[in-house]
Amino acid sequence: MKSILRHCFVMNPKEYAKANEGDDVYLCEYEYDIHWHSFNRPAEIDNGEEDDDGAESDGDWKLSKDPDSDTEEEMDYDEESIKNIIAKPSRAHELAANSQKGRFFGLQKIGVKKIPEHVRCHKQTDLERAKAAFLLASLPKSLPCRDKEMLEITAFIKDAISDDKCVGRCLYIHGVPGTGKTMSVLAVMRNLRTEVDAGSIRPYSFVEINVLKLASPENIYRVIYEALSGHRVSWKKALHLLNEQFSEGKKIGKEDDKPCILLIDELDLLLTRNQSVLYNILDWPTKPHSKLVVIGIANTMDLPEKLLPHISSRMGIERLCFGPYNYQQLQEIVSSRLKGINAFKEQAIEYASRKVAAISGDAGRALEICRRAAEITDY
Ligand code: ATP
Ligand code: MG
């Protein structure tokens, strides 16, 4: 994504087949995995045998299926268009696939434009800096008002990984949207990483999954397996191998002597009809060889109560609630992002904070309102 310089169009397989010669038409065939320093085919992500159990079909991705792939699957798209793409690539497509032939175009040929010096050195105004400071995706340097919760999460993790057996540890974090659940766990993990680097706690592996990003709940097995082993397999195979590792101690990766902290964000979306995915995941930490610590985050307070009894008993009793922020807390959160930036009046921040606190106590919302205000003012 970072290498895209101009407008970019994402096409479905049919449109791709019809794309004009001479266009910059590329089939995204490989993606780079920073963690494992390897290239993977997106096709391999979704080449599992989809089953009867509600897994969604991802026809578009299957299109670029690896011919060497060892799994058979149903293809639910137009066969003619596949032949067009795979058997008779147009000239543009051939060029697009130049990486396969070991040829690369020089940067000039793809229309690189140098960003002029004065634009690069542009000194941001206070409003521009404020807008950047309010971006939700960035993990802020500090998370005010969540010290207590972060201490609890830290204590839970340290306790879980220092226990050599580390059996059956599971923490359930819940709270309404925008109360900093995700950011707090990530901030804790960032702090723990520096402690690992300093050698004061034992190394662990950390797998972070947001269920919203999975095509179907079952895909979580693949993601976990890939994170632990670096290999992509179908979800059924991944489930089998993970079961083997956790129950019998069969090694799947180089790092599996370390405890593994598995963060599952939006955990409630893993609920399937028979609750099997949640059951498996919550069952693993109780297995003798697992060394697995599960942290689940969800909005619903009563998720454990909604589960079948044999599953909710696996969930343990460790729960942490993130309450909605009051207006003073929101004020502090907004102001802390604006340190050193002189763009907002105190009253403006207070006004936005009071409005949001009266409705939801969602910090994300307060930050967005302020960012929008900065945008409008700047405009
Ligand atoms: P959801 O349930 O919607 O996933 P969440 O509880 O996980 O919400 P986050 O995504 O962690 O909420 O937080 C929403 C936004 O608010 C993020 O941009 C985050 O940086 C910001 N935020 C939340 N709490 C704080 C805080 N205490 N200090 C600074 N920023 C915060
Ligand atoms: Mg979240």
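This is a predicted model, so every value here is computed, not measured. By convention here, the first residue in the shown sequence is residue 1. Numbering of ligands and ligand atoms starts at 1, following listing order.
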Regarding Arg129 and the six-membered ring of Phe134, is the cationic atom NZ or CZ under 6.0 Å from the ring centre and inside 45° of its axis?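 No cation-pi geometry.
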Please write down residue, atom name and distance for the protein heavy atom closest to [atom].
atom: atom 20 (O) of ligand 1; value: Arg337 NH2, 2.5 Å
atom: atom 7 (O) of ligand 1; value: Thr182 OG1, 2.7 Å
atom: atom 8 (O) of ligand 1; value: Gly178 N, 2.8 Å
atom: atom 22 (N) of ligand 1; value: Ala363 CB, 3.8 Å
atom: atom 6 (O) of ligand 1; value: Lys181 NZ, 2.7 Å
atom: atom 12 (O) of ligand 1; value: Gly180 N, 3.2 Å
atom: atom 15 (C) of ligand 1; value: Gly364 CA, 3.8 Å
atom: atom 27 (N) of ligand 1; value: Pro144 O, 2.6 Å

Can you hop from [X] to [Y] via hydrophobic side chains spaced under 4.5 Å?
X: Leu127; Y: Leu367; value: no
X: Met183; Y: Leu338; value: no
X: Val223; Y: Leu271; value: yes
X: Tyr327; Y: Ile333; value: no

With no hydrogens and no angle check, do the side chains of [X] and [Y] hold a donor and an acceptor under 3.5 Å apart?
X: Thr194; Y: Asp197; answer: no
X: Tyr172; Y: Arg319; answer: no
X: Asn274; Y: Tyr279; answer: no

Heavy-atom contact under 4.0 Å between Gly175 and ligand 1?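 False for this residue.
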Could a heavy atom of Tyr325 be found less than 4.0 Å from some atom of ligand 1?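 Under 4.0 Å: yes for Tyr325.
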Is the backbone of [Y] close enough, under 3.5 Å, to the side chain of [X] for a donor and an acceptor to pair up by distance?
X: Ser229; Y: His231; result: yes
X: Glu128; Y: Thr125; result: yes
X: Arg146; Y: Thr179; result: yes
X: Asn326; Y: Gln329; result: yes
X: Ser290; Y: Trp284; result: yes

Would you list the pairs meeting salt bridge (Lys or Arg N to Asp or Glu O under 4.0 Å) in which at least one residue belongs to residues 330-347, sequence neighbours left out?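 As it turns out, there is no salt bridge (Lys or Arg N to Asp or Glu O under 4.0 Å) pair with a partner in residues 330-347 once direct neighbours are skipped.
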Selected option - heavy-atom contact closest to atom 17 (C) of ligand 1, from Glu149, Met150, Glu368, Met183: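 The residue whose heavy atom sits nearest atom 17 (C) of ligand 1 is Met183.
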As an exercise, identify every atom of ligand 1 less than 4.0 angstrom from a heavy atom of [X].
X: Glu266; result: 4 (O)
X: Leu136; result: 17 (C), 18 (O)
X: Pro177; result: 1 (P), 2 (O), 3 (O), 8 (O)
X: Leu367; result: 16 (O), 21 (C)
X: Leu143; result: 25 (C), 26 (C), 27 (N), 28 (N), 29 (C), 30 (N), 31 (C)

Side chain, backbone, both or neither: the part of Asp362 lying under 4.0 Å from ligand 1 by heavy atom: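 None of Asp362 does.
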Can you tell which part of Asn299 has a heavy atom less than 4.0 Å from ligand 1: side chain, backbone, both or neither?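 Within the 4.0 Å criterion, Asn299 contacts ligand 1 through side-chain atoms alone.
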When you check the space around the Mg ion (ligand 2), which protein N, O or S atoms turn up under 2.8 Å?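 The answer is Thr182 OG1.
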Which residue in the set Asp265, Leu320, Ile297 passes side chain to side chain contact (heavy atoms under 4.5 Å, CB included) when paired with Val185?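 With Val185 as partner, side chain to side chain contact (heavy atoms under 4.5 Å, CB included) holds for just one option, Ile297.
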